[in-house]
Amino acid sequence: MPPAPTTFTVSEATRKKWSEAVNEQANAAPVLDLTVDNITENVIAVNSNVTDNPRLQYLITKFIRASHDFIRDVGLNFEEWEQVWKFLTSVGQISTDVRHEMVLLSDILGISALVDSISHPAVPGATEYSLLGPFHDDRAHFVELGESITSEGTPGEATLVRGTIKDINGNPVNKALIDVWETDGNGTYDVEYIDKDGPDFRGKLYSDKNGAFYFSCVRPVPYPIANDGPVGALLRKLNRHFFRPAHMHFIILHPSYDKLITALYTRDSKYIHSDTVFGVKSSLMVDYVWTEDLKLAEQYGVKPFKRVLDGVEKEGFWLLEHDFVLVGKRDPVSLKTRD
Ligand SMILES: [Fe+2]
């Protein structure tokens, strides 16, 4: 037996609205004998009945016009369009709850970075936003100030990160929640390890009353984005690499301040000027400083490691110091608006 058809009810008011929209379309410009030159105005007219959602009306009108203009501009032919829709179909087919191929496509075309820049205009004196990326995990463990966010034996070079959370007037922000995540020294996130049970190379901690925070971790390294799907195939066709420069992600939260999503990019990292997802901003470039201050290591609980410098074995660790500046929820709207 085939399943019974689904039934649903529609209110009289909704039926009336639909009927009016259909009548309006029927009375609009004739949708007949359309040409390269007049099809756009006709398609826009047919899609001009969204009376209850002006933003949607605006977006669909602009989208139709921009996409038609693009097609006319490049003279897109049938075979090329077939390749486009087959490609987009394959992007959808490989996507899952954990594999966001569509987001990846948006990333490598700079769309994610553009939307991010429009959504979060730079506020003078405040830390700039950067891409969230696909590897944030809200299950990260809380750590005390000074604790490590990496488990024992994590591959990578020991690093101490410390800084202050401030407002745009330079006042410290007490009890800001710092949510940080990074790759290990192999360029791999915890969720990419099949055999890892539970979060690692990530943690949550609070700033103290002076706005200070500090934790130990490993120095992040560059890593390739997923490239075994249609987006990877596209990058190959475009003769592009798959890599992001070394970076450490942060979300900083406090009830009185705007949520900050950002990342710190290692200035001397390979790919710093060719991030495949366009996330790097110069204000977010940071330097890891080599230090052999073993007292500092002891004070902050960092485990130093040995490294050969100019033929001599040295013991030390990396120090990353960076302050974050938050924008208050009550700071003037004019600060947060792009002109
Ligand atoms: Fe990342």
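Keep in mind it's a predicted model, so treat the numbers as computed, not measured. Counting starts at 1 for both ligands and their atoms, in listed order.
A side chain to side chain donor-acceptor pair (under 3.5 Å) with Tyr189 is found for one member of Arg202, His249, Glu182, Lys196 and no other, namely His249.
Not a single salt bridge (charged side-chain N to carboxylate O under 4.0 Å, His left out) links Glu313 to another residue, sequence neighbours left out.
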Handout entry: Phe324/His322 under ring pair (Phe, Tyr, Trp, His ring centres under 6.0 Å): CA gap, chis, key distance, verdict
Key = CA-CA 7 Å; Phe324 294 92; His322 191 78; 5.1 Å; yes
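Between Asp107 and Leu105, every side-chain heavy-atom pair lies at or beyond the 4.5 Å cut-off.
Two rings, from Trp181 and Phe215, have their centers 6.0 Å or more apart.
For the pair Ile60 and Gln57, the tightest heavy-atom approach, listed with the atom from each and the gap, is CG2-O, 3.3 Å.
For the Fe ion (ligand 1), the neighbouring protein N/O/S atoms at less than 2.8 Å, given as residue and atom, are Tyr189 OH, Tyr223 OH, His247 NE2, His249 NE2.
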